[in-house]
Amino acid sequence: MPNYQKPWAEPYKIKVVEPLKVTDQAYRTEKIKEAGYNTFLLRSEDVYIDLLTDSGTNAMSDYQWAGMMLGDEAYAGSKNYYHLEEKVQSCYGYKYLVPTHQGRGAEHLLSQCMIKPNQFVAGNMYFTTTRLHQELAGGIFVDVIIDEAHDPSVILPFKGNIDIQKYEDLIKREGPEKIAYITVGAPVNMAGGQPVSMANMKEVSEISKKHGIKVILDATRNMENAYMIQQREDGYKNKTVAEIHKEFCSYSDAATMSAKKDLLVNIGGFVACNDWDLFEELRNMVVIYEGLHTYGGLAGRDMEAMARGIEEAVMDENIKCRVEQVAYFGDKLHKAGIPVVLPIGGHAVFLDARRFYEHIPQIDFPAQVLAADLYEVSGVRAMERGIVSAGRNAKTGDHNFPKLELVRLTVPRRVYTQAHLDVAAYAVEELYEKRHEAKGLNLKYEPKYLRFFQAKFEKKD
Ligand code: PM9
């Protein structure tokens, strides 16, 4: 037997390929300048390896593509809706389903239905679109994640956990009637893809039930969370990801979902719940903002791809490959001495821009600089997850200054091979060697909402 660990390989083979364009650095210098040093504003055709996001960038299987041909595009009562409903009921365990065009559509409906002005919404670190919809509905977001989640170098198996003390203090201070609900994101995207343990979720559910507070799961990448529970939490080693996932959902009252992640599709989302009254309200709202309650802004074919995506996403070998591919990439960078968020999360490797560009103060947007520089030297596209993403305080208008100043190298599902990740890792290492040359940025244009998508910058002298 060889004297090293048995390797694993992707549980699929490649049937269709899309050529990549290779450009030179002079070309990219021009393009990133034109894009205002914002990687969201680059044209995809100018990108070599696209690690901007894992959202909607999945490669669908032949089974999903075949399902697209079975799209029932009737305005009302599409058979694909009923297929999707059946899969959500059996895999997630919720009774009622409202499809939406993507995750933020679900967040919009839920926030409007559940938040009264000036109520608090607790959550384990913010997510950009989630918090914005809560604020637009009049809510006040309160972060109740454990402190360690804000420190990139602390190693804990479940760094996305809710700090029970913080949550109980909030309930005591404000009173349960002032709390609209608690959102549990599992894993926590902005913390580096850090998972939440089953024990923590169970405790959150028990406390919430005692006080009559609803628990809303952001189930966007919950399959990854379930896999990490299987690997790390006592008592779950012999359970399937499907079983763990369903148990986790059972501790929540409702879920919002961006199907563009876990569910291996290019577009789609839903909100699901157990309470008939909430379902009725969601159905009232969906027809205003998304479409009829049996399509919610999606084509029948998209719902079919999503239903089939659920079947594939819960398979142990698929989710193992997904998380382990990210771990391979992260370990490579960590071993090379690159400052990354530890432990490596389920969907992405996060560079710690504070330590990467120690000489650039947060107000000069070090993570924004790092994402732009990485594109310039290599054609690899990443995303800022720091002060730009954190936006401004809704009341004072000041910048929010998050503790985490990160660049996310996100791995799309079933899209890139190990060789692509090796090339991306090499580019990061090259950049790290000349890190002292980097300069900060000035903010030149800032949109009102979710500024990271469209803001423009210029280089400081
Ligand atoms: N996440 C991501 O790249 C896409 C847009 S933000 C740059 O990580 C969670 C945990 C998400 C998420 C999107 C949404 C919104 C909700 N919750 O993008 O509207 O990671 O489908 O979902 C993105 P939609």
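In this text, all values refer to a predicted model and were calculated from it rather than measured experimentally. In what follows, every heavy atom counts, from backbone to side chain, and hydrogens, waters and symmetry copies are set aside. Remember, it's 1-based here, ligands and their atoms both numbered in the order they're listed.
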Study note, to complete from the structure: Looking only at protein heavy atoms, what sits closest to atom 6 (S) of ligand 1 is Phe127 CZ, 3.6 Å

Check your understanding: Going by the order shown, which atoms of ligand 1 are within less than 4.0 Å of some heavy atom of Phe452?
Key -> 7 (C)

Exercise for review: State whether the shortest distance between N or O atoms of Thr53 and N or O atoms of ligand 1 falls below 3.5 angstrom.
Suggested key: yes

Review point. So, is Gln102 polar-close to ligand 1, with some N/O to N/O distance under 3.5 Å?
Key: yes

Check your understanding: Evaluating non-hydrogen atoms only, which member of Met257, His108, Glu384, Glu107 is closest to atom 16 (C) of ligand 1?
Key -> Glu107

Exercise for review: Answer yes or no: does an N/O atom from Gly103 fall short of 3.5 Å to an N/O atom of ligand 1?
Suggested key: yes

**Study point:** Those atoms of ligand 1 less than 4.0 Å from some heavy atom in Ser55
**Key:** 4 (C)

Point to revise | Distance-only donor-acceptor check, side chains Tyr167 and Ser208, under 3.5 Å | key: yes

Point to revise | Which residue and heavy atom of the protein sit nearest atom 10 (C) of ligand 1, plus the separation | key: Asp218 OD2, 3.3 Å

Check your understanding: Could you go step by step and tell me if Gln134 and Thr183 meet the side-chain hydrogen bond (donor to acceptor under 3.5 Å, both in side chains) rule?
Key -> CA-CA 10 Å; Gln134 291 165 350; Thr183 309; 3.3 Å; yes

Exercise for review: Over 60° means perpendicular and under 30° means parallel, so classify the ring planes of Phe279 and Tyr96, tilted if in between.
Suggested key: parallel

**Study point:** Option among Asp262, Asn189, Thr410 that satisfies the side-chain hydrogen bond (donor to acceptor under 3.5 Å, both in side chains) test with His347
**Key:** Asn189

**Study point:** Charged tip of Arg385 within 45° of Phe452 ring normal and under 6.0 Å
**Key:** yes

Review point. How about Phe329 and Tyr416: are their ring centroids closer than 6.0 Å?
Key: no

**Study point:** Phe270 and Tyr92: CA distance, side-chain angles, deciding distance, ring pair (Phe, Tyr, Trp, His ring centres under 6.0 Å) verdict
**Key:** CA-CA 12 Å; Phe270 62 76; Tyr92 289 77; 5.5 Å; yes

Check your understanding: About how many Å separate OG1 of Thr57 and CZ of Arg414, when rounded to the nearest 0.5 Å?
Key -> 11.5 Å

Review point. If you measure from each heavy atom of Met383 to ligand 1, is any distance below 4.0 Å?
Key: yes

Check your understanding: Relative to ligand 1, is His347 under 4.0 angstrom through side chain, backbone, both or neither, heavy atoms considered?
Key -> neither

Point to revise | Short N or O distance, Arg385 and ligand 1, threshold 3.5 Å exclusive | key: no

Practice item. Select the closest option to atom 21 (O) of ligand 1 among Ser258, Ser389, Ala348, judged by heavy-atom distance. Key: Ser258

Review point. Applying ring-ring contact (aromatic ring centres under 6.0 Å, His included), which residue pairs with at least one partner in residues 120-143 are found, sequence neighbours left out?
Key: His108-His133

**Study point:** atom 15 (C) of ligand 1: the protein heavy-atom neighbour that sits closest, reported with distance to 0.1 Å
**Key:** Thr129 OG1, 3.5 Å

Revision key, fill the gap. Residues passing the side chain to side chain contact (heavy atoms under 4.5 Å, CB included) test with Arg28, sequence neighbours excluded, are Thr23, Gln25, Tyr375

Practice item. Could you check which of Lys260, Lys261, Arg104 puts a non-hydrogen atom nearest to atom 13 (C) of ligand 1? Key: Lys261

Exercise for review: Go through ligand 1 atom by atom and flag the ones less than 4.0 Å from a non-hydrogen atom of Arg408.
Suggested key: 2 (C), 3 (O), 8 (O)

